[in-house]
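Just so it is clear: chains get the letters A, B, ... in the order the sequence lines come, proteins before strands, and each one is counted from 1. No hydrogens, no waters, no symmetry mates; every other heavy atom, side chains included, goes into these values.
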Amino acid sequence: MTMAKKLITSALPYVNNVPHLGNIIGCVLSADVYARFCRSQGYETLYICATDEYGTATEKKARDENMTPQEVCDKYHELHQKVYQAFDIQFDFFGRTSHPEHIEITQSIYRDLEKNGYILEQTTEQTYCAHDQLFLADRYVEGVCPHCGYDSARGDQCDQCGKLLQPTELKEPKCQICGNAPITKATTHLYLDLPQLAESLTRFRESSNDQGHWAPNAYSVAKSWIERGLLPRPITRDLKWGVPVPKKGYEDKVFYVWFDAPIGYISATKRGFPETWQDWWMDPQNTELYQFMAKDNIPFHTVVFPASQLGSGRDWTMLHHINSTEYLNYENDKFSKSRGIGVFGTDVIDLGLPIDLWRFYLLFNRPERSDSNFSWDGFLEDINSNFIDNIGNLLNRVLVFYQKHFPAQPFAAELSPREQDFLKEVQQEAQKARQQLEKVQLKEGLKTILALGRRGNKFFHDAEPWKEIKTQPERARALLVALVCLLREVGILLFPYMPTTSKRILTLLGEPTATMQNLCDWSKLSQAVASKPEILFKKLEKKEIEGFKAKFMGKQEPSVNPLVAFAKLDIKVGEVLEIKPHPKAERLFVEKIDLGGGDIRTIVSGLVKHYQAEDLLGKKVLVVSNLKSAPLRGVESQGMVLACEKKKKLEVLFSQAPVGTRLELPGQEVAPAAEITIEEFFACPLRVEEFQVQLEGKGLTLGGSPVTTLSLAEGKIA
RNA sequence: GGCGAAGUAGCUCAGCUGGUUAGAGCGUACGACUCAUAAUCGUAAGGUCGGCGGUUCGACCCCGCCCUUCGCUACCA
């Protein structure tokens, strides 16, 4: 086995979010398991993480909470630390990017890049919106793609041909926020010349993957990024909260977060280990870098950060194995802080369950190949059946039985072929789990450990020691000793996953110091005496878990009552006075619609594919009249014409009722809001069933008569 | 509408570069055992591997089309 030093990192969590279970399993916990394995294995190991603190999001949060960005970061950094501590995450150092050390290293890497000619400086006519008074982010600029001529390519990428772009390349750029043509104010920015590094990046990707066996999703993402064609990437921004740019003329700018954040791994190491950090980061021959993260972070670790390293010309330790997970969902929904969906680190602390149970569940359900799903029912099942009934019970039944018949006696016995064969199997399985851990197959490794437990239970059952003890007590004793051997291996192997539980098991077996290094070395066991047996965990109770479930459902933002949502809508009959094609959009019409009482609106609708202009002219249609207006390709749309949609078919909701008639739900008071958002509109699940427009099965009316469709029997209203 | 990912037993998931009867755990049913946290052990039921075509001697795995779900995005509003 390789004796390389193991440098392990977990993706830097962004500071202003409370980490949820998905975040935790994705990076910090997975990396912790591997780091613990490596230490137990006797490898020289360093596990580094930090909070990522710079950027717009923090500035915004600071404004919202009326604090300085630094105060925001201080507060949340501490929160992160508390959560990770609760999860028994054992960092060798947990740093933060808003630290002088970080500034120094970021700047020095920048200087290297500049010295080596990988920095481009462009004083471009950068898109600046005079109206909104800000420089526009790439994607907020649109225009004509220089490659394929597509007329609304975004500033970062063209949707038609897929090429990566810069906003400056676009012909006829436009501000997407206000629709005005942005002023192209001269701003100077620094760019990392990725094209010049493309070849080395490809070489790096291939050789690193060959040696380190990247997670498949990481390899394919990296490949497609590079093969799509790389463009120079700006590494500075017009912001305040960030790493200052050490260059004249850049006093008002900072480095872009994506540039400085990965450098946080290095700076955190340097801060934690000022004397020895270079032994890790500047010793690629003897160091293997393992990086853990969720899938959204892949490009930065496989392309962007390696590019900075390669371009700096220094002999950095570079990515060896990338372990990128998919996402964990919560009860078939996405985790969402804003909607209050999910279990967050702070919740776990409050619930007060043994942390190893959380670790077990998360690792057992680790989203390795595809997204996986947290559910309270699954939580109960997995912990009770797969862990407690299996491992917990095996430990207990073995120790209780042994204690009863051989009190205070060491685990020594003459092993017969029956035990010897069994132990060979145990050895094989234990080695298998060890190798799976070595290869960072964390979920598989855990499953192997559970299989070991099942094997033990079967051995116990088949041998019937409760009978044997009466006739051949020494034979029964040998059996139990063999099972103690198995439990010892389980105890050792469990250490990376459930450190506290591992220690408890090994202590009960009288060998608390056993590690991965003496896996399957049973020589000390014959002197070991069991402690008084104790239950590892009592089983989770259905009632308790139901309680949690209810509590967390209650915390969620209540889903909007359809009737309440409907009450806010102001849907009226309007007559199409005028209709013409949108000047800049081939799929849109621009209509003038009379809603009665002199209220005449301009409304944009995407109906070109379904209707001719003359089919609609003069017709009366249903219109959402209190919808917040929105610019569509430069034309302000002051409402929305309703239609029924099913698959690719669409039918506009026409009406014979007088202009201005309001859509009603019999028996329901309506109190239209002055203005609603498009989200509020869609919160109301209007449908057509059997040619009838309805809400929750109740038909809607216009002046007392039902609203119907002609060709589409059912569909959604949009 | 565009791009991307995915669709394998009731549930959660494995199935590498195509090759005999498609796997595991949980759950369920029945049986066994009783040392143990009503735990354990055995047996069984259960899948047209989203659908339809195609390539092939042969496809869950390759190609095309379609359906569904999810994500991102848009000339959805």
Side-chain angles (χ1 to χ4, degrees), chain A residues 139 142 150-154 156-160 162 176 216-217 220-221 224 295-296 326-327 329 332-334 364-375 377-378 381-382 384-386 388-390 392-405 443-444 447 450-451 453-454 456-469 476 479-480 483 533-539 581-589 603-609 623-624 627-635 637-643 645 647-648 650 676-679 681-682 718:
Chain A
R139 59 161 54 184
E142 62 173 28
Y150 181 52
D151 73 344
S152 62
R154 281 174 297 130
D156 55 344
Q157 186 174 10
C158 171
D159 280 330
Q160 187 152 294
Q176 276 223 309
N217 59 356
S220 67
V221 167
S224 87
K295 59 182 165 189
D296 54 335
E326 303 286 322
Y327 291 139
N329 293 317
N332 294 312
D333 206 343
K334 275 186 302 178
F364 189 66
N365 290 286
R366 187 166 179 261
E368 297 188 350
R369 300 271 154 158
S370 57
D371 292 358
S372 65
N373 182 46
F374 172 94
S375 73
D377 293 339
E381 283 296 331
D382 286 343
N384 282 353
S385 302
N386 288 309
I388 298 179
D389 288 350
N390 176 3
N393 188 241
L394 179 64
L395 177 78
N396 188 243
R397 71 197 291 210
V398 167
L399 291 185
V400 166
F401 197 96
Y402 194 86
Q403 191 84 346
K404 189 160 145 196
H405 298 282
K443 190 154 75 168
E444 283 305 304
K447 286 183 174 172
L450 297 181
R454 264 182 261 113
N457 275 314
K458 179 172 165 51
F459 188 60
F460 195 123
H461 184 272
D462 290 349
E464 301 185 310
W466 53 91
K467 289 181 184 162
E468 228 168 38
I469 196 74
L479 176 95
L480 292 167
L483 282 164
E534 72 185 51
I535 298 283
L536 234 33
F537 299 105
K538 64 177 207 291
K539 290 174 72 165
H582 191 294
K584 289 294 293 176
E586 59 189 27
R587 292 199 341 241
L588 299 182
F589 283 126
I603 291 180
V604 180
S605 309
L607 301 171
V608 172
K609 275 179 67 184
V623 174
V624 185
L627 190 61
K628 184 177 193 265
S629 67
L632 288 177
R633 296 294 287 172
V635 176
S637 182
Q638 303 160 319
M640 173 178 181
V641 173
L642 291 182
E645 267 180 339
K647 299 285 167 67
K648 282 168 188 167
L650 181 147
I676 59 167
T677 63
I678 193 77
E679 286 77 21
F681 170 74
F682 283 116

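Residues satisfying the salt bridge (charged side-chain N to carboxylate O under 4.0 Å, His left out) criterion with A/Asp296, sequence neighbours excluded, are absent altogether. Taking the side chain to side chain donor-acceptor pair (under 3.5 Å) definition, one finds that A/Lys628 meets it with nothing, sequence neighbours left out. Contacts of A/Glu586 classified as salt bridge (charged side-chain N to carboxylate O under 4.0 Å, His left out), with partners at least two apart in sequence or in another chain: none. Residues forming a salt bridge (charged side-chain N to carboxylate O under 4.0 Å, His left out) with A/Lys295 (at least two apart in sequence, or on another chain): A/Glu326, A/Asp371. Evaluation of the ring pair (Phe, Tyr, Trp, His ring centres under 6.0 Å) rule for A/Phe374 yields A/Tyr330, A/Tyr361, A/Trp376, A/Phe379 as partners, not counting sequence neighbours. The ring pair (Phe, Tyr, Trp, His ring centres under 6.0 Å) search around A/Phe589 returns none, not counting sequence neighbours. By the salt bridge (charged side-chain N to carboxylate O under 4.0 Å, His left out) test, A/Glu381 pairs with no residue at all, sequence neighbours left out.
Distance noted for atom P between B/rU21 and B/rC3: 39 Å (whole Å).
The residue among A/Lys609 and A/Glu368 whose nearest nucleotide of RNA chain B is located toward the 5' end is A/Lys609.
Nucleic acid contact for A/Glu381: sugar-phosphate only, since backbone atoms but no base atoms lie under 4.0 Å from a heavy atom of the residue. A/Ser372 comes within 4.0 angstrom of sugar-phosphate atoms only, judged by non-hydrogen atoms across all strands, and of no base. Backbone-only engagement by A/Val604 is indicated by non-hydrogen atom pairs under 4.0 Å involving sugar-phosphate atoms exclusively.
A/Asp371 has its CG atom 11 Å from the P atom of B/rG7, to the nearest Å. Between A/Arg633 atom CZ and B/rA74 atom C1' there is a gap of 10 Å when expressed in whole angstrom units. Whole-Å rounding puts the A/Ile603 CD1 to B/rC76 P distance at 15 Å.
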* **Canonical and wobble pairing (Watson-Crick, G-U, under 3.5 Å) of RNA chain B, dot-bracket with |** => (((((((..((((.....[...)))).(((((.......))))).....(((((..]....))))))))))))....
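Dashed line: the shortest gap from a side-chain N or O of A/Lys334 to OP1 or OP2 of B/rG71 is under 4.0 Å.
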What does the list of N/O pairs under 3.5 Å between the protein and nucleotides 37-40 of chain B look like, with a distance for each?
unit_1 : atom_1 : unit_2   : atom_2 : d
B/rU37 : N3     : A/Phe537 : O      : 2.7
B/rU37 : O4     : A/Leu536 : N      : 3.4
B/rU37 : O4     : A/Phe537 : O      : 3.4
B/rA39 : OP1    : A/Lys539 : NZ     : 2.9
B/rA39 : O5'    : A/Lys539 : NZ     : 3.1
B/rA39 : O2'    : A/Asp389 : O      : 3.2
B/rA39 : O2'    : A/Asn393 : OD1    : 2.7
B/rA39 : O2'    : A/Asn393 : ND2    : 3.4
B/rU40 : O2'    : A/Arg397 : NH1    : 3.3

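A/His582 places a side-chain N or O within 3.5 Å of a backbone atom of A/Leu632 that can act as its donor or acceptor partner.
If you check B/rG25, B/rC35, B/rG1 against the side chain of A/Phe401, the one that comes closest is B/rC35.
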